[in-house]
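Order of the sequence lines sets the chain letters (A, B, ...), proteins ahead of strands, with each chain counted from 1.
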Amino acid sequence: MSTWLAALPWMVLAIAIPLLGALAAFVQPRRAQVIGLSFSFLTAGAAVGVVLDFITLGPQQHAVGGWGAPLGIDLVADGLSILMLGMSAVVGVAVSIYARAYFVPYPDKAPRFWPLWLFLWAALNALFQSADVFNLYVTLELMGLSAVALVALTGSGPALWGAMRYLLVSLLGSLAYLVGVALLYHAYGTVDLTLLAERADGGLQLAVPLGAMIAGLLLKTGLFPFHVWLPPAHGSARAPVSALLSGLVVKASFYLVLRLWFTFVPEGEGLPLLLGCLGAAAIFWGSIQALRQKRLKLLVAYSTVAQLGYLFIAFPLAGLEPQMAWSGSIYLALSHAFAKGAMFLAAGAIMTQGGHDEIDELDLVVDRMPLTLAAFALAGISLAGLPPSGGFVGKWLLLESAMAQGKGIWAAIIIVGGLLTATYVFRVLGFAFTRSEHHHERHEVPAAMEWTALLLALGAVLLGFVAPWALPLLDGVLP
Amino acid sequence: MSSASRPPGEPGLLLRAVLALLLLAAAAGVALALVAGQVAPGLSGAVAAALPDSGASNPVTAVLLNFRGYDTLLEMAVLTAAVVGVWSLGPAPRIRETEPSPVLLGMNSVLIPLAPLICAYLLWAGSSRPGGAFQAGAVLAAAGVLFIISGRRPAVHLPAAPMSWGIVAGLGVFLAVALAVMPGGRELLEYPRGLAGALILLVETAATVSIALILAGLFIGGRPEDEP
Amino acid sequence: MNLLLLGIAAFLLLNLAAGLWRVMRGPTAADRMLAAQLFGTTAVAVLLLLAEGMAQPALRDVALVFGLLAAVAAVAFVQRVWSRGGGHDGH
Amino acid sequence: MNPGLLFDAVLVTVLLWVAWAALASRDLFRGIVLFIAFGLVLSMGWVRLGAPDVALAEAAIGAGIAGALLLATWARLPGKTEERPGDDLEGQERDHEQR
């Protein structure tokens, strides 16, 4: 890499480029597709720049305005940040390529999709790099608002209803988080995470704000029983939007839960156990609901509810073997982003082709769309945690951590959840291999929509192979 | 009231009681956290110390546009995204306004020209006393709303292009300034010494125009008709 | 001085509370709306008193903005609400 | 008695009461008017908290945009054209309950 390229402020560019792209796509609605796709590549390039900077130089910091904490705002890119940035870059590029083909028949939607998606991407990149609890609130707002608008883009009654519910939940979550921020500033006189970690002394002064913030974030993550808004929103959105919401947006609030947890390291057994139990409930409830769904996209959406539950199993397991449990949870989050993104993209392709997404009317879809079905199956493998996928690595780490501590009940939950996942994935595949009694009209599906889903699903599987290189990046982040 | 007669969609008594208890618990928690322990000195000392270098003598403006200007930049993105979201819902509803009475027209001819004046005043005052882009933009937007609902407007038929350029101006100029100061080893938004005051005024002026258009655009409630 | 101004401000605020009774009672939308308009006027007076009493001249700007923009809600009411629902002539 | 304290006590009482009344109002229109009044009182609250900037923003938004937006929205709600605006909705409710 030439020196001037290496000297560019990639952390800033990863936020500024998508913002500029959003503005450009908004003022040039007729060229929104071209502008949007170009800026997607540039954004992903900037994210890769941050990752390379981290690998060559170690954790990066950028004091916005030159003031530094506590007066100014600091941006930080550590191992956890760059994993999330990289995840957003890969899923983002795949969804962008897919969306360019997907929105060709909807010339009135495309000029709206691109600015909103680029705003969302800017918010994600800003969120993953921020080290300031108030600035994180602002990024949460930008992320929530653009995500809601993306759901409403569908325009149908159920989508608007889902978007409204999503908006209210999102605002409530933000409000709870903001109350926590205000209390933290009241007690410690700063909103910088590093300084807060130094000054926080436990007790009620820390417990109440932290509880408010985490409760708000759980609402935004959609952890059982706060998940009720998730299936209508994710299930009724346009396919590329669903992929972004399930793949990336819920991960952002989960990332923030982890960030707060790693910063303040709450003491006590009760809260981790509660989070683990909610996670276990989410796995069962989400999987059972997924099995009962008639529509493919709702099945995939309920599967998100279930898979989000897994991420929280790490909390009760982190006592003795924190490294292993946290690595497992983070790796599951990454591979779920890839797999669920691929699954929603595949569902969108199937819906475009047949004009519907009734599961028992899939009608030999394997003959017509082998690539898409392969994508769905590969993504399913990663979700179910079969080797050698990324999902396998994540679940294996959790399992090993549970066994090492003799907490067999958690191991059992992980395994049973995997079986349930495999069941609903195979239910879809089964109908895809059988002929339906009804005849359905068929539409051409652009090739780009098929192979982006497939590549993303392959990525979810390949994540299993890169684990030995990816997991050490987390050294120094985990408590 | 019995549960049978309550309107559909309204939560039942049990749910209400649970929600009320949760809210009470949350309020009690917040109150306890406020009372318990010490109150840390905030950042007002640090702000006062750095104020001479900030380019604004009003500490609030210095925080919003300089020390924590990055927050404000992202907030401008939030406002812009809100308009994009509203435009995505559909074209602006056609509302046939009632023919305005002569009283209204007479009042408008006084109030509407006053608004830009007050807007400029608030914008200018912002650097040294309470005021600033948001307040100024809101006053201007209110004048726009007055104009729209008075029935003498083709505001919805305003061509989309100037409106959308005006909407993005605030975030665009802010971002351009934030990035343009970087060459020469400065950080994002690190205004060069001596130029801070002028750059802040430039950013605030663009933001005022955008905020006014954004708020008025939210009132209109949809995209202009010639927008695809 | 200070005592007198803040006392008067508190008295005006109590007046405002009394005006709320009209908002609650109605009976017509115009009654409620007019009461709210009266609040705007009261608020301007309270803010001007506070500006003197608290020695914060910037509060006059707030009063100015209230005075200027109080009309907007009233016009919205007349143009969009009152004239449409058949308030004058019925159907 | 400290006049500032007296003023604040009245202010807080009125603020809380208006907030509650706006939330609990069954008549939507009355709720909107109460919300406009709430904005006014809240603005004075910001003044007493020493935040004239926020008071100014609240004044501009509350008096200028929010009220107009809510009223315009109310006018567009379905089922409004049959009713005379400002008909005594409490009376109607009473009638309804009697029936």
Region of C:Leu68 that comes under 4.5 Å of a non-hydrogen atom in chain D: neither
Residue D:Thr13 versus chain C: region with a heavy atom under 4.5 Å: neither
Flag side-chain contact, heavy atom, 4.5 Å: C:Met33 against D:Ile36: yes
Between CE on residue D:Met44 and CG on residue C:Leu12, distance to nearest 0.5 Å: 9.0 Å
Chain C contact via D:Val14 - side chain, backbone, both or neither, heavy atoms under 4.5 Å: side chain
Residue pair C:Ala10 / D:Phe7: nearest heavy atoms and the distance that separates them: N-CD1, 3.4 Å
Separation between CG of C:Leu13 and CG of D:Leu6, rounded to the nearest 0.5 Å: 9.5 Å
Option among D:Val33, D:Leu40, D:Val41 that satisfies the side-chain contact (heavy atoms from CB on, under 4.5 Å) test with C:Phe39: D:Leu40
Test log, rule side chain to side chain contact (heavy atoms under 4.5 Å, CB included), inputs D:Arg48 and C:Met54: CA-CA 9 Å; D:Arg48 289 299 297 168; C:Met54 294 168 67; 3.3 Å; yes
CH2-CG distance between D:Trp17 and C:Leu20, expressed to the nearest 0.5 angstrom: 5.0 Å
Closest non-hydrogen atom pair, D:Pro52 against C:Gln56: CG-OE1, 3.7 Å
CE-CG distance between C:Met24 and D:Leu34, expressed to the nearest 0.5 angstrom: 6.0 Å
Portion of C:Val65 that has a non-hydrogen atom of chain D nearer than 4.5 angstrom: side chain
Residue pair D:Trp46 / C:Val62, side-chain heavy-atom distance below 4.5 Å: no
Chain C-proximal positions within residues 62-70 of chain D [heavy-atom distance under 4.5 Å]: D:Ala63, D:Gly64, D:Ala68
Heavy-atom pair count under 4.5 Å with chain C, highest-scoring of D:Val47, D:Ile32, D:Val18: D:Val47
Contact leader toward chain D among C:Leu50, C:Leu14, C:Val75, where contacts are heavy-atom pairs under 4.5 Å: C:Leu50
